[in-house]
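Accompanying notes for the structure given below.
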Amino acid sequence: VVMSNTRCLVEKGRGGVYVAPAPDNALRFLREYRFNREILLVNAAVVASDPVLAKFWDSNGDAVGSTSEAHVAKWEAGSGVRFAPYLTKQISVDELFAAVGYDFSVLSLDVESINLALFQALPLDQLAKLKVLVVEHDGNVDIIRRRMAGWRELALNGENLVFARD
């Protein structure tokens with residue numbers, strides 16, 4: 001709710017697919033938008049590599065849960081956030097798009113420490129209706145910019161890159 005890149009779009013009536021592996025976040029989102037048939041919740045982790053049953057580190061329902069132990073260590077050391085591990089189903093990027101389709105105009109990719117791998121696995125050539133892409137860059141600005149050649153860069157801040165096309 002507080003640090004969501006997409007909540008404002010939902011609040012303005014935009015539908016779409018919301019991926020949330022953390023059960024508290026998924027349940028909170030489901031409760032709030034359960035009667036909105038324009039929103040589909042996917043309660044799984046999306047990975048670029050082969051999907052497996054994997055450890056997810058939940059940060060008590062806030063925005064920094066992760067499958068990366070290095071990411072968890074960084075947050076625990078820097079901010080005192082505490083994490084609880086559990087096993088969750090992971091699905092591949094291909095599985096996600098096979099289930100939800102390719103017919104949407106905005107994509108926000110914010111997956112705590114695996115953004116680059118998922119970004120590189122996105123089937124951009126199949127996302128013909130995609131007009132806006134938000135990517136948490138994790139310091140990989142130049143790599144992301146190279147792949148987004150031909151798109152307009154709308155914004156860059158300490159966390160995200162935003163691209164658009166007509």
Side-chain angles (χ1 to χ4, degrees), residues 1-22 25-26 29 38-57 59 62-75 78 88-166:
V1 171
V2 174
M3 295 175 21
S4 173
N5 288 339
T6 55
R7 182 176 171 89
C8 67
L9 295 172
V10 171
E11 294 299 315
K12 292 179 185 226
R14 295 289 195 130
V17 177
Y18 179 82
V19 179
N25 292 347
F29 195 86
E38 300 299 315
I39 297 173
L40 177 63
L41 173 66
V42 178
N43 185 209
V46 180
V47 294
S49 58
D50 294 330
V52 296
L53 188 62
K55 190 177 287 186
F56 184 86
W57 296 87
S59 56
D62 72 12
V64 296
S66 182
T67 56
S68 166
E69 290 191 45
H71 183 81
V72 168
K74 175 182 91 170
W75 276 92
T88 191
K89 170 70 174 146
Q90 292 183 330
I91 61 174
S92 70
V93 171
D94 292 340
E95 286 177 296
L96 176 65
F97 284 106
V100 304
Y102 301 84
D103 186 22
F104 48 89
S105 61
V106 178
L107 174 62
S108 177
L109 185 61
D110 181 353
V111 289
E112 307 313 320
S113 80
I114 62 167
N115 293 294
L116 184 61
L118 285 184
F119 168 75
Q120 290 174 323
L122 288 177
L124 292 177
D125 58 327
Q126 295 177 26
L127 297 168
K129 294 185 178 183
L130 187 63
K131 299 295 181 195
V132 176
L133 177 64
V134 181
V135 182
E136 185 171 329
H137 56 73
D138 298 323
N140 297 297
V141 173
D142 292 337
I143 295 169
I144 294 168
R145 281 178 172 156
R146 278 194 294 277
R147 182 159 190 229
M148 296 305 292
W151 288 63
R152 284 179 290 127
E153 185 177 316
L154 298 179
L156 167 66
N157 63 31
E159 297 289 323
N160 298 294
L161 268 165
V162 181
F163 296 93
R165 69 177 169 187
D166 300 322

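Keep in mind the model is a prediction, meaning the values are calculated, not measured.
Between W75 and S59 the shortest side-chain heavy-atom distance does not fall below 4.5 Å.
The ring pair (Phe, Tyr, Trp, His ring centres under 6.0 Å) check on F29 picks up Y18, Y33, with sequence neighbours excluded. Residues satisfying the salt bridge (charged side-chain N to carboxylate O under 4.0 Å, His left out) criterion with E11, sequence neighbours excluded, are R7. Shown here are the side chain to side chain donor-acceptor pair (under 3.5 Å) partners of E153, two or more places apart in sequence or in another chain: R145. By the side chain to side chain donor-acceptor pair (under 3.5 Å) test, D103 is found to be paired with K129, residues two or more places apart in sequence or in another chain being considered. Taking the side chain to side chain contact (heavy atoms under 4.5 Å, CB included) definition, one finds that V100 meets it with V17, L40, V42, L96, sequence neighbours left out. Q126 pairs by the side chain to side chain donor-acceptor pair (under 3.5 Å) definition with Y102, not counting sequence neighbours. Remark: A99 pairs with no residue by the side chain to side chain contact (heavy atoms under 4.5 Å, CB included) rule, at least two apart or across chains. Listed by chain and residue number, nothing satisfies the salt bridge (charged side-chain N to carboxylate O under 4.0 Å, His left out) test with K12 (two or more places apart in sequence, or in another chain). Residues that satisfy the side chain to side chain contact (heavy atoms under 4.5 Å, CB included) test with K55, not counting sequence neighbours, are W57, P85, L87. Residues satisfying the side chain to side chain donor-acceptor pair (under 3.5 Å) criterion with R146, sequence neighbours excluded, are absent altogether. The salt bridge (charged side-chain N to carboxylate O under 4.0 Å, His left out) test applied to D166 returns R152, not counting sequence neighbours.
In this structure, CH2 on W151 lies 13.0 Å from CD1 on I144, to the nearest 0.5 angstrom. Summarising the geometry, atom NZ belonging to K89 is positioned 8.0 Å from atom CG belonging to L53; distances are rounded to the nearest 0.5 Å. Taking OG1 of T88 as the start and CG of N43 as the end, the distance is 6.5 Å to the nearest 0.5 Å. The CZ atom of R165 sits 7.5 Å away from the CG atom of L124 when rounded to the nearest 0.5 Å. Taking CZ of F119 as the start and CG of L161 as the end, the distance is 8.5 Å to the nearest 0.5 Å. For the atom pair L118 CG and S92 OG, the distance stands at 10.0 Å (nearest 0.5 Å).
Residues V93 and A121 come closest through the heavy atom pair CG1-O, 3.7 Å. The two residues L41 and A26 come nearest to each other via the heavy atoms CD2-O, 3.5 Å. Of all non-hydrogen atoms in L154 and A164, the two that sit nearest each other are CD1-CB, 3.5 Å.
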Tell me, with the steps shown, if L122 and L133 meet side-chain contact (heavy atoms from CB on, under 4.5 Å). CA-CA 11 Å; L122 288 177; L133 177 64; 4.3 Å; yes

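A donor-acceptor pair is defined here as one N or O able to donate and one able to accept, closer than 3.5 Å; such a pair exists between the side chain of H137 and the backbone of N157.
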